[in-house]
2 protein chains.
Amino acid sequence: MARAPDLERRVLDALWRGGEWSVRDVHLDIDPALAHTTFATVLDRLHEKGEVDREKVDGTWRYRAARSREAALAAEVGAVLARAEGAPDPLLVAFLDRVEQVDPRALDRLEALIQARRQRG
Amino acid sequence: MARAPDLERRVLDALWRGGEWSVRDVHLDIDPALAHTTFATVLDRLHEKGEVDREKVDGTWRYRAARSREAALAAEVGAVLARAEGAPDPLLVAFLDRVEQVDPRALDRLEALIQARRQRG
DNA sequence: GTTCCTCTACGACGGAATGTCGTAGTGCAG
DNA sequence: CTGCACTACGACATTCCGTCGTAGAGGAAC
């Protein structure tokens, strides 16, 4: 069978939609053709990594994302930035390109955020 | 022996400093305690992935980074952004946090870049 | 209670990435 | 010829991760 790329990420994407999920919920939502235990394993491993929290209710685990999607992605961006030496213009430009492409009005908000930050000093 | 984390990344970091590198150069720069062939292999694999270019001079390979550090990191940031739905404020804020921490004056440049972009429309 | 069904717990297999090295061979410098 | 420096190629172990099987617990339905 075709090995799914990024199954973990698809599971996280589901949990990031919010609420509590049983293994069954995730299984049905993502791909009922795969085995139940596949998702049990993936969720278990995400729990070991601290990406999701869980709580046992009536003998079954309820999972929820440990961080919001924004927080998780922000951490990833932060990790990349940490490897840059300084904040070179080409990187800033690439960032603006992407942001604008994904949401043109985000540039306005970005500018407002910069100014707000400056006020606080 | 302790398995080095991110040996590939450390090799790339070296090449990103610029110029042409032989296997020997990289070997001596990063960790002379490891075997010469370790670096030959790593560089070969980076070449297969297109991360580095190489050219044979007098029977020995000269390696150089295929992209600048900024271009490579920008691509990584872009990949993260592509997974965000839109450009949510928390992500923008996290980005600003990092940028400011690494280079406080970068916020000014960022603002200037946004304004320049708006002019062009 | 026996039969189902649903879960968990635990382990396992296989493929890919990657850190690490050995060996054989080639070509140039003494 | 003898070294030395490099390449070419292969190999092994570990880790990550997609995928699943099996065994067992616990409740629901006959």
Carboxylate-amine/guanidinium contact A:R83 B:D13, below 4.0 Å: no
Crowding at CD, B:E85 (>12 non-hydrogen neighbours, <6.0 Å): no
Distance, rounded to the nearest Å, where A:D6 contributes CG and D:dC16 contributes C1': 13 Å
For atom CD of B:E48 and atom C1' of D:dG10, their distance in whole Å: 13 Å
Sugar-phosphate, base or nothing in reach of B:A40, heavy atoms under 4.0 Å: nothing
Side-chain-base donor-acceptor pair under 3.5 Å for A:R3 and D:dC17: yes
Side-chain N or O of A:T38 closer than 4.0 Å to phosphate OP1/OP2 of D:dG18: no
Sugar-phosphate only, base, or nothing, as touched by B:R45 at under 4.0 Å among non-hydrogen atoms: base
Touch class at under 4.0 angstrom, heavy-atom based, for A:D31 against every strand present: nothing
Residue pair B:L46 / B:V42, side-chain heavy-atom distance below 4.5 Å: yes
Length of the line joining B:E8:CD and C:dT20:P, which is rounded to integer Å: 11 Å
Sugar-phosphate, base or nothing in reach of A:T60, heavy atoms under 4.0 Å: sugar-phosphate
Any B:K49 side-chain N or O less than 4.0 Å from OP1/OP2 of C:dA17: no
Euclidean distance, atom NE2 of residue A:H47 to atom P of C:dT8 [Å, nearest integer]: 13 Å
Nearest-Å distance for atom pair CG/C1', residues A:D44 and D:dT19: 15 Å
Phosphate contact (C:dT6 OP1 or OP2) by A:H27 side-chain N/O below 4.0 Å: no
A:D58 CG to D:dG27 C1', straight-line distance once rounded to whole Å: 10 Å
Donor-acceptor pair present, B:T41 side chain and C:dC21 base, under 3.5 Å: yes
Short side-chain to backbone donor-acceptor contact, A:D25 and A:S22, under 3.5 Å: yes
Note: B:D44-B:R54 ion pair, threshold 4.0 Å (strictly below): yes
Sugar-phosphate, base or nothing in reach of A:S22, heavy atoms under 4.0 Å: nothing
Gap between atoms CZ and C1', on B:R10 and C:dT20 respectively (whole Å): 13 Å
